[in-house]
Amino acid sequence: MPDAPDRAAAPTRDARAEPPGGFGAKDPAGSSAGAPDFLGRALADARSPRVPALSPYVPERPFPWSGPGLPLSDGGRRQTDAAAAFGGPRRRAAAGARTDSGPGSAVTGFATVGAAPIRHDAPLDLARLLGLSLAAPAGTSGRLRPVPSAGALHPVRAHLLVGPGCSLPPGRYAYDPHTHLAHPRGPAPDGVPAGALAVLTVAASRTVAHYGHRAWPLLLLDAGHAAAALAQAGPPTADVLVCLDADGALLSAAAGLPRSPARHSEWQAAELEPPLAAVWFTPSGGSVRTIDPLSAWATRARASAPVRAPGPPIAQPRALSRTQRLLSLLAQAPARPAGTWRPASRPEGVTGKTLTTRRSAPPDDLRRPPERELLASVLTTARAASPAGPDWTVVTGGAAPALYTASPGSPGLLLHAHGDARPTLAHWAARQTWIGTTGAVLLAHGCPDDAPPAEVRVGHLAAGYAIGLAQTHATALGLRSRPIGSWQQADLGAALGEAPGRDWIVHGLALGAPPAKATTPPATRTATPLTTRTATAPAAPTAAPRATRPTPHSTNPPALGTTARTTPPGEEERP
């Protein structure tokens with residue numbers, strides 16, 4: 001996703017400040033009057049062309065959990081793939097500076113921090129798992145990580161519920177990706193399943209400050225990407241299951257967080273973190289289908305609360321309160337509180353190196369169309385990621401631009417419509433004009449205007465999760481890629497002549513073939529006389545396909561010549 005330049009921090013109060021929980025805070029039962037209308041207005045607003053109001057960033061609050069964190073990196077005995085990829089010694093030094101117990105000591109496969117032994121030969125190495133997925137590289141600002149994020153803001157937080165068989169002792173932990181530390185938050189109750197459970201929450205303040213009313217869909221997509229990054233980093237000795245629809249109250253209880261926004265006022269030092277998804281790592285071959293891991297953690301030991309901040313509660317902007325209220329509403333799933341657990345699979349060819357080297361390519365590197373076979377393979381990965389997720393379409397450029405869907409019963413592409421839809425996609429995607437000349441775009445679409453909260457939540461989380469898998473697969477295939485998260489007026493169904501308001505673009509992934517390598521004629525052993533050499537003029541560069549109005553189009557966006565000029569990555573959302 002686009003990177004956002006650093007901005008000056010601003011105080012969290014403004015003329016429209018609200019108390020924690022917002023005016024729309026729900027009661028402990030989780031009910032909220034007018035929820036369907038509230039969600040419908042939020043959907044329409046996020047899809048409208050209204051430009052977000054310019055506002056400075058809300059500063060990130062210090063990590064609020066008490067006590068020294070446990071450094072997940074090896075204490076010097078060996079380096080995991082993650083430690084090697086992220087400059088292990090530098091990270092370990094940074095971690096040691098943040099602990100009160102000094103460096104760990106090696107004791108037959110253990111590193112000891114205080115009284116807590118950390119196993120680095122355990123079946124589930126959390127240092128490697130988190131290093132390949134969520135950790136910020138050592139010695140950097142933390143913006144570029146293995147997992148992509150809208151504006152490189154990284155709002156997703158992971159609460160680790162660790163059972164037997166892991167490198168950390170059993171218990172609850174809050175993971176700090178900046179320092180690669182796990183902050184203990186309480187012991188594990190008896191009877192919790194082996195392995196580890198990661199509950200993913202979102203801290204919305206920075207994303208809302210940058211994207212305004214368009215922030216909440218991006219937060220859902222970011223949570224889906226984080227779930228995909230964790231799932232792909234799982235070791236081959238563990239089964240990985242992903243849940244995108246568990247009830248928010250159950251997720252909060254399992255992670256030891258407040259069960260509702262109305263009760264968050266007790267935690268003055270911490271930002272409200274609506275929980276949205278969970279990833280479960282269990283030993284291979286275990287009987288996991290009969291276990292409800294969230295209930296096992298939710299009904300037993302209580303987690304510790306954050307350190308209390310001095311002074312009165314911190315007021316927050318109205319837009320942030322509304323976003324938090326909306327996310328809390330979407331997290332409700334009373335019909336199926338335990339959620340649906342689906343097995344995750346790593347796309348073929350994906351390695352630890354693939355996960356740590358995946359990056360969003362610059363727009364100029366995405367102009368060459370990928371081969372059809374590679375596009376079909378990436379589309380298959382996206383469709384198989386989540387059966388309950390959105391529909392999928394591939395838009396291609398080149399000599400014969402068209403729209404394709406997956407071919408039923410075969411791995412190929414099925415022609416859906418002729419014409420070049422890329423200029424219209426560029427207009428819909430916050431007028432990022434580079435999309436008009438990209439090689440191909442993978443689109444996730446669905447989520448009608450009247451979609452219930454459960455469909456809106458799962459549709460966006462599944463889209464982010466699937467695009468996360470698809471981008472990693474594309475990287476393994478040698479393709480360049482760049483996620484596209486923000487879409488306005490992107491009614492794909494209406495553009496193809498179907499009923500309006502039923503089939504909206506939710507997420508996208510721009511794809512391009514790698515740049516062609518320059519070939520040099522092999523040198524000959526016999527010297528050629530200078531008088532017989534001929535100068536060969538270099539081939540003229542291939543011009544980018546001319547952007548034309550797509551054939552399957554029923555709406556009337558402004559002509560491409562009247563759209564806003566191209567803006568630097570990360571600035572597309574600003575006026």
Side-chain angles (χ1 to χ4, degrees), residues 1-3 129-135 144-158 177 198 200-202 207 217-234 240-245 276-281 342-361 377-390 392 394 441-446 457-477 479-487 505-511:
M1 295 184 181
D3 289 344
L129 172 67
L130 295 164
L132 293 174
S133 55
L134 304 183
L144 296 180
R145 306 183 192 180
V147 59
S149 172
L153 299 174
H154 298 287
V156 181
R157 297 179 179 176
L200 300 179
T201 65
V202 289
T207 304
L218 300 175
L219 291 163
L220 292 170
L221 297 178
D222 270 12
H225 275 275
L230 282 166
Q232 293 174 98
V240 184
L241 293 95
V242 179
C243 181
L244 305 177
D245 60 351
L276 295 172
V279 185
W280 187 18
F281 304 89
R342 301 188 184 278
S345 61
R346 177 181 289 184
E348 184 178 357
V350 173
T351 64
K353 182 179 179 181
T354 308
L355 298 176
T356 56
T357 58
R358 171 189 55 180
R359 289 291 181 267
S360 296
S377 181
V378 174
L379 173 61
T380 299
T381 295
R383 292 184 69 247
S386 180
W392 296 91
V394 171
V441 184
L442 175 67
L443 297 175
H445 51 94
R457 173 192 176 186
V458 172
H460 285 77
L461 288 173
Y465 176 74
I467 290 289
L469 296 181
Q471 186 184 21
T472 307
H473 192 190
T475 302
L477 295 173
L479 302 178
R480 305 295 181 90
S481 61
R482 187 178 185 89
I484 309 169
S486 187
W487 297 89
I505 296 177
V506 174
H507 202 9
L509 181 68
L511 295 163

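For this chain, numbers begin at 1 and follow the sequence in order. It should be emphasised that the depicted structure is a prediction, and the values quoted were computed from it without experimental measurement.
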Considering all heavy atoms of both residues, which atom of Leu219 and which atom of Val202 are nearest to each other, and what is their separation? O-CG1, 3.9 Å
List the atom of Asp222, the atom of Ser149, and the distance in Å for their closest heavy-atom pair. OD2-OG, 2.7 Å
Side chains of residues 457-464: which donor-acceptor partners sit under 3.5 Å, not counting sequence neighbours?
residue : atom : partner : partner atom : Å
Arg457  : NE   : Leu244  : O            : 3.3
Arg457  : NH1  : Ala246  : O            : 2.8
Arg457  : NH1  : Ala331  : O            : 3.1
Arg457  : NH2  : Ala246  : O            : 2.8
Arg457  : NH2  : Leu276  : O            : 2.8
His460  : ND1  : Val456  : O            : 2.9

Between His225 and His154, is there a side-chain heavy-atom distance shorter than 4.5 Å? no
Close side-chain approach of Phe281 and Leu129, heavy atoms under 4.5 Å: yes
Could you check Leu443 against Trp487 for side-chain contact (heavy atoms from CB on, under 4.5 Å), going step by step and ending with a plain yes or no? CA-CA 11 Å; Leu443 297 175; Trp487 297 89; 4.0 Å; yes
Looking at every non-hydrogen atom in both residues, tell me the closest pair between Arg482 and Ala361 and how far apart they are. NH1-O, 2.9 Å
Given Arg145 and Leu134, is the side-chain contact (heavy atoms from CB on, under 4.5 Å) satisfied, shown in steps? CA-CA 7 Å; Arg145 306 183 192 180; Leu134 304 183; 5.9 Å; no
Would you call Pro146 and Leu132 a side-chain contact if the rule is heavy atoms closer than 4.5 Å? no
From Thr381 OG1 over to Arg346 CZ, what is the distance, rounded to the nearest 0.5 angstrom? 13.0 Å
State the CG-CG distance between Leu230 and Leu130, to the nearest 0.5 angstrom. 6.5 Å
To the nearest 0.5 Å, tell me how far Arg359 CZ sits from Thr356 OG1. 7.5 Å
Is there side-chain contact between Leu442 and Val378, with at least one heavy-atom pair below 4.5 Å? yes
List the steps, then state whether side-chain contact (heavy atoms from CB on, under 4.5 Å) holds for Val240 with Val279. CA-CA 7 Å; Val240 184; Val279 185; 3.8 Å; yes
Minimum heavy-atom distance Ser481-Gln471, with the two atoms named: OG-CG, 3.1 Å
Under 3.5 Å, is there a donor-acceptor pair linking the side chains of Thr354 and Thr351? yes
N/O donor-acceptor pair under 3.5 Å between Trp280 side chain and Ala278 backbone: no
Side-chain heavy atoms of Gln232 within contact of Leu469, under 4.5 Å: yes
Test item: Leu355 and Val147 side chains (from C-beta on) under 4.5 Å apart, heavy atoms: no
Is there a side-chain contact between Trp392 and Ile467 in this structure, where contact means two heavy atoms from C-beta onward sitting under 4.5 Å apart? yes
For Ala474 and Leu511, work out which heavy atoms get closest and say how close. CB-CD2, 3.8 Å
Does some side-chain heavy atom of Arg358 sit less than 4.5 Å from a side-chain heavy atom of Pro148? yes
Would you sort out whether Arg157 and Thr201 count as a side-chain hydrogen bond (donor to acceptor under 3.5 Å, both in side chains), showing the intermediate values? CA-CA 5 Å; Arg157 297 179 179 176; Thr201 65; 5.9 Å; no
Do you know the tightest heavy-atom contact between Val242 and Ala231? CG2-CB, 4.1 Å
